[in-house]
Protein chains: 2
Amino acid sequence: MITRETDYAIRAMLYLAHHAGDGAISAATVAEAMDIPYRFLRRILSRLVGTNLLVSTRGKQGGLRLARDPEEVSLLDVVEAMDPEVITLNSCVLKSALCARSAYCAVHDELCRIQIYVNAELGAISLAKLVEHESGRNDDLPHTI
Amino acid sequence: MITRETDYAIRAMLYLAHHAGDGAISAATVAEAMDIPYRFLRRILSRLVGTNLLVSTRGKQGGLRLARDPEEVSLLDVVEAMDPEVITLNSCVLKSALCARSAYCAVHDELCRIQIYVNAELGAISLAKLVEHESGRNDDLPHTI
DNA sequence: ACTATATGATACTATACCCGTGTCATATAC
DNA sequence: GTATATGACACGGGTATAGTATCATATAGT
């Protein structure tokens, strides 16, 4: 399950992707535009900086910007940055040691197969693709990116 | 994320599928065989009865049995019985009303697409298939179904 | 140099969910 | 009648989620 924290992270990344090339953008600006609690967002952005998805500059005129081109950042990157365990279907998929029976467990095999597909799909969705989709449909609507 | 409760439910269903035709099996037997805390399992089985996946008979010689053939019960059935929100990738996938921007949200669209695939996959995995896989590989191993 | 503006790093709280337990009532086979 | 089984709740500890609060630090512009 994608938590709200991760959801906010995606929104923030999308906003920054949409404004890539505009220089550094402050957390306050992102919070306002994306309707995310400021202090909560601060911690999220901090994490995204720590995982090298964002680059920050301090002080006046400072802020955040994407560390890579929007084409080079996937939804999976963002999700994994926020939660190393990703959207894991079942914990036994992640740590097979958790389940004594995992070596012989058919359920485990099936879940792993599905999990691999999900991760591949998320990895194939770039921020650029998402931004393109959104702006193509509703440039003038309120509260859109 | 599949919770441990759901995981137990799957294990229990698999055990009962494997012993389909053997008559009613008590919760105590399932708990012992599948290494699930008895009282916890009781509540889980109660839920599976309530959602018509299991049929129970009370009293001596009573217990649980599958309400349908193992071929007719999917992993999705079990997961949905335990948690109506299933393995939902994101809550906005389920209740679009949660997110004001969902109508124009590309992320929402992509997640829905993946979610549909996941559900279809889970729906295509029957208990019979799982039991067949397991027993084909390790009939003599300890702690297997 | 000073100040306003920006992030960095923690620590804190309240709520909710997860996992498991405990108790008592009720039905039924022998 | 009694042992055996499920039915229906209520309770509690631990942990994660969602959000807040505070202070330190860096920097652009005056």
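Here is the naming used below: chain letters follow the sequence lines, and residue numbers restart at 1 for every chain.
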Nearest to the side chain of B:Ser46, which nucleotide is it out of D:dT20, D:dG7, C:dC19?
-> D:dG7

A:Glu5 CD to D:dT20 P, straight-line distance once rounded to whole Å = 13 Å

Would you list the pairs meeting salt bridge (Lys or Arg N to Asp or Glu O under 4.0 Å) in which at least one residue belongs to residues 119-128 of chain B, sequence neighbours left out?
-> A:Arg113-B:Glu121

N or O in side chain of B:Arg4 less than 4.0 angstrom from C:dG20 OP1/OP2 = yes

With sequence neighbours excluded, tell me which residues meet side chain to side chain contact (heavy atoms under 4.5 Å, CB included) with A:Ala17.
-> A:Leu66, A:Pro70, A:Leu127, A:Val131

Side-chain N or O of B:Tyr38 less than 4.0 angstrom from OP1 or OP2 on C:dG22?
-> no

To the nearest angstrom, how far is B:Ile44 atom CD1 from C:dG20 atom C1'?
-> 10 Å

Can you name the residues that form a side chain to side chain contact (heavy atoms under 4.5 Å, CB included) with B:Ala9, not counting sequence neighbours?
-> B:Ile44, B:Leu48, B:Val78, B:Met82

Donor-acceptor pair, A:Asp7 side chain versus A:Arg4 backbone, under 3.5 Å?
-> no

Please collect all side-chain hydrogen bond (donor to acceptor under 3.5 Å, both in side chains) contacts where either partner lies in residues 44-64 of chain A, sequence neighbours excluded, each pair once.
-> none

Short side-chain N/O contact from B:Ser26 to OP1 or OP2 of D:dT6, under 4.0 Å = no

May I have the distance from B:Asp7 (atom CG) to C:dC18 (atom P), rounded to whole angstrom?
-> 14 Å

Between A:Asn119 and A:Ile116, is there a donor-acceptor pair closer than 3.5 Å when you use the side chain of the first and the backbone of the second?
-> no

Enumerate all atom pairs, one protein N or O and one N or O from nucleotides 12-15 of chain D, separated by less than 3.5 Å.
none

Base, sugar-phosphate, or nothing: which does A:Ala27 touch, judged by heavy atoms less than 4.0 Å apart?
-> sugar-phosphate

B:Leu64 has an atom CG; how far is it from atom C1' of C:dA27, in whole Å?
-> 15 Å

So the ring-ring contact (aromatic ring centres under 6.0 Å, His included) pairs with at least one residue in residues 45-70 of chain A (sequence neighbours excluded) are none

Please, which pairs that meet ring-ring contact (aromatic ring centres under 6.0 Å, His included) have at least one residue in residues 27-62 of chain A, sequence neighbours excluded?
-> A:Tyr8-A:Phe40

If you check every side-chain atom of B:Thr3, which of D:dG7, C:dC19, D:dA18 has the closest atom?
-> C:dC19

Quick one: A:Arg47 CZ to D:dA18 P, roughly how many Å, whole number?
-> 14 Å

Check whether any side-chain nitrogen or oxygen of B:Tyr8 sits under 4.0 Å from OP1 or OP2 of C:dC19, and answer yes or no.
-> no

B/S/- contact track for nucleotides 21-29 of chain D, protein heavy atom under 4.0 Å | BB--BBBB-

Using atom CG of A:Leu16 as one end and atom P of C:dT7 as the other, report the distance to the nearest whole Å.
-> 10 Å

Please give, in whole Å, the distance from D:dT17 P to A:Met82 CE?
-> 10 Å

Measure from CD1 on A:Ile36 to C1' on D:dA18 and round the result to the nearest Å.
-> 13 Å

For A:Glu71, look at atom CD and say whether over 12 heavy atoms of other residues, nucleotides or ligands are found less than 6.0 Å away.
-> yes

ring-ring contact (aromatic ring centres under 6.0 Å, His included) contacts touching residues 50-75 of chain A (sequence neighbours left out) | none

